[in-house]
2 protein chains.
Amino acid sequence: MTDPADDFDLQDFLPYLLNQAAEATSRGFQAAYRDRYGFTRTQWRVMANLGKFGAMTARDICAISHIEKTKVSRAVAALEQAGLLSRAPSATDRRAELLSLTGQGRAVFAELGGLALAFDRQLRAVLGTEDAERLVSLLRRLAQAVPPGAGAED
Amino acid sequence: MTDPADDFDLQDFLPYLLNQAAEATSRGFQAAYRDRYGFTRTQWRVMANLGKFGAMTARDICAISHIEKTKVSRAVAALEQAGLLSRAPSATDRRAELLSLTGQGRAVFAELGGLALAFDRQLRAVLGTEDAERLVSLLRRLAQAVPPGAGAED
DNA sequence: AAGAACAAGTTGCATCTGCAACGAACTGGA
DNA sequence: TCCAGTTCGTTGCAGATGCAACTTGTTCTT
């Protein structure tokens, strides 16, 4: 039986390869914050966005980073609990809250952001500057071509 | 304060970009098996390996696909439960079991493998043949450069 | 040939996640 | 103004996962 599926090889399947690379690199960096603080990947990402862009609402974080709102909500709660983030009422919408890093939160972000930058440089060095840029461009094209379904991420 | 972390932007962070692309594409294909059968990504991958390579032990699946043994164990249990996979004692090691798809399992793999192939072609079409190949090569280089830590994946 | 070290799989537990449902607040049209 | 329809954010719940501990069987060392 000449089945079309006979031609299928998981090792050549793009979603699989992407996951492999994503997991390998994420894990590599995860070691940096996991051992030091007990962060979740989501928590780290929320912090990274607030660190980079300053105060914003949970909704903004969702929109920018394509993280599901449930995850953001829980990450925010955890970061607040840890004293790294604080909430303030939004001036324009009483449902929303303006989120921002506390002094301690900014300090942690400064440290982890530095580590992240170094880690990223290491990865790019593996590929070479030119190929690294190519990869970034290809990934963006792919992610954009497959619009985030209902949910978003992970 | 000129902090090194100020230069950090999550949107340019390779692990982040890889995750975005991986999630978007995985989700896209997940719709195919999720709605039809209730598969987990891991279950689908285990099945894909058995479908492609025939009978092997859980350990082999771990080695080939870099999936953690716990996940494989549970996926195998679920697939067996669903009647898609069967176990047979290994001739050479009484701890291990030879896993293989049942007739029904092969039928399901034939269907999903076909869908996967079609989905992959769609993705590659977005990038163009040449860039798709480039991407595959870059991803392999990256994954190889960052050896899977203790665990493995997801 | 016996015991220590090691490998294959499974399981308990704590955590993370997705989805759907929810309360509260906002918005637009009649 | 008032009500239907949306949106922000949180929570309940069921399922998936990682890690460590464990059972059983194998291999290595001496």
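Protein chains get the first letters and strands the later ones, always in sequence-line order, with residue 1 at the start of each. Quantities reported herein were computed from a predicted structural model and do not represent experimental measurements. Below, each value reflects all heavy atoms present in this structure, side chains not excepted, and no hydrogens, waters or symmetry copies.
- In this structure, CD1 of B:Ile67 is placed 14 Å from C1' of D:dG18, rounded to the nearest angstrom.
- Here the side chains of A:Thr57 and A:Cys62 are not in contact, with every heavy-atom distance at 4.5 Å or above.
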Residues 97-117 of chain A side chain polar contacts: donor-acceptor under 3.5 Å, at least two apart:
| residue | atom | partner | partner atom | Å |
| --- | --- | --- | --- | --- |
| A:Glu97 | OE1 | A:Arg87 | NH1 | 3.0 |
| A:Thr102 | OG1 | A:Gly83 | O | 2.8 |
| A:Thr102 | OG1 | A:Leu84 | O | 3.3 |
| A:Thr102 | OG1 | A:Gln104 | N | 3.4 |
| A:Thr102 | OG1 | A:Gly105 | N | 3.0 |
| A:Arg106 | NH1 | A:Leu101 | O | 3.0 |
| A:Glu111 | OE1 | A:Tyr37 | OH | 2.5 |
| A:Glu111 | OE2 | A:Arg36 | NE | 2.7 |

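- Following rounding to the nearest Å, A:Glu97 (CD) and C:dA24 (P) show an atom-to-atom distance of 15 Å.
- Among pairs with a residue in residues 46-57 of chain A, none fulfils salt bridge (Lys or Arg N to Asp or Glu O under 4.0 Å), at least two apart in sequence or across chains.
- For A:Arg74 against D:dG9, a side-chain-to-base donor-acceptor contact under 3.5 Å is absent.
- Annotation: side-chain hydrogen bond (donor to acceptor under 3.5 Å, both in side chains) contacts of A:Ser26 (sequence neighbours excluded): A:Arg41, B:Asn19.
- For B:Phe8, the ring-ring contact (aromatic ring centres under 6.0 Å, His included) partners two or more places apart in sequence, or in a different chain, are A:Trp44, B:Phe13.
- Counting only N and O atoms by type, the side chains of A:Asp93 and A:Ser90 include no donor and acceptor under 3.5 Å apart.
- Between the CD atom of B:Glu68 and the P atom of C:dG9 there is a distance of 14 Å, given to the nearest Å.
- Between A:Arg34 and A:Lys69, the residue whose closest nucleotide on DNA chain D is further toward the 5' end is A:Lys69.
- Between A:Ser73 and D:dT10, a side-chain N or O to OP1/OP2 separation shorter than 4.0 Å is present.
- Not one side-chain nitrogen or oxygen of B:Arg41 sits closer than 4.0 Å to the OP1 or OP2 atom of C:dG18.
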Which atoms of nucleotides 23-27 of chain D (N or O only) lie under 3.5 Å from a protein N or O atom, and what are those distances?
| residue | atom | partner | partner atom | Å |
| --- | --- | --- | --- | --- |
| D:dG25 | N2 | B:Arg95 | NH1 | 2.9 |
| D:dT26 | OP1 | B:Arg94 | N | 3.0 |
| D:dT26 | OP2 | B:Arg94 | NH2 | 3.3 |

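- For the pair B:Thr70 and B:Arg74, the minimum side-chain heavy-atom distance is below 4.5 Å.
- Not counting sequence neighbours, the partners of B:Thr40 by the side-chain hydrogen bond (donor to acceptor under 3.5 Å, both in side chains) test are B:Gln43.
- B:Asp131 places no side-chain N or O within donor-acceptor distance of the main-chain N or O of B:Gly128, the cut-off being under 3.5 Å.
- For B:Ala96 and A:Thr70, each mapped to the nucleotide of DNA chain C holding its nearest heavy atom, the one lying further toward the 5' end belongs to B:Ala96.
- Shown here are the side-chain hydrogen bond (donor to acceptor under 3.5 Å, both in side chains) partners of B:Arg124, two or more places apart in sequence or in another chain: B:Asp120, B:Glu133.
- Within the structure, every pair that satisfies the ring pair (Phe, Tyr, Trp, His ring centres under 6.0 Å) test and touches residues 112-138 of chain B, not counting sequence neighbours, is listed here: B:Phe29-B:Phe119.
- Residues of residues 48-58 of chain B having a heavy atom closer than 4.0 Å to DNA chain C, listed by number: B:Thr57, B:Ala58.
- Every residue two or more places apart in sequence or in another chain was checked for a side-chain hydrogen bond (donor to acceptor under 3.5 Å, both in side chains) with A:Arg34, and none qualifies.
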Between N or O atoms, less than 3.5 Å apart, protein on one side and nucleotides 14-16 of chain D on the other: list the pairs.
| residue | atom | partner | partner atom | Å |
| --- | --- | --- | --- | --- |
| D:dA16 | OP1 | B:Thr40 | OG1 | 3.2 |

With the criterion being N/O to N/O and under 3.5 Å, what pairs connect the protein with nucleotides 3-5 of chain C, and how long is each?
none

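- For a distance-only test at 3.5 Å, the side chain of A:Arg27 fails to qualify as a donor-acceptor partner of the base of D:dG18.
- Residues A:Met56 and A:Asn49 approach most closely at CE-O, 3.6 Å, considering heavy atoms.
- No side-chain heavy atom of A:Leu14 sits less than 4.5 Å from a side-chain heavy atom of B:Thr25.
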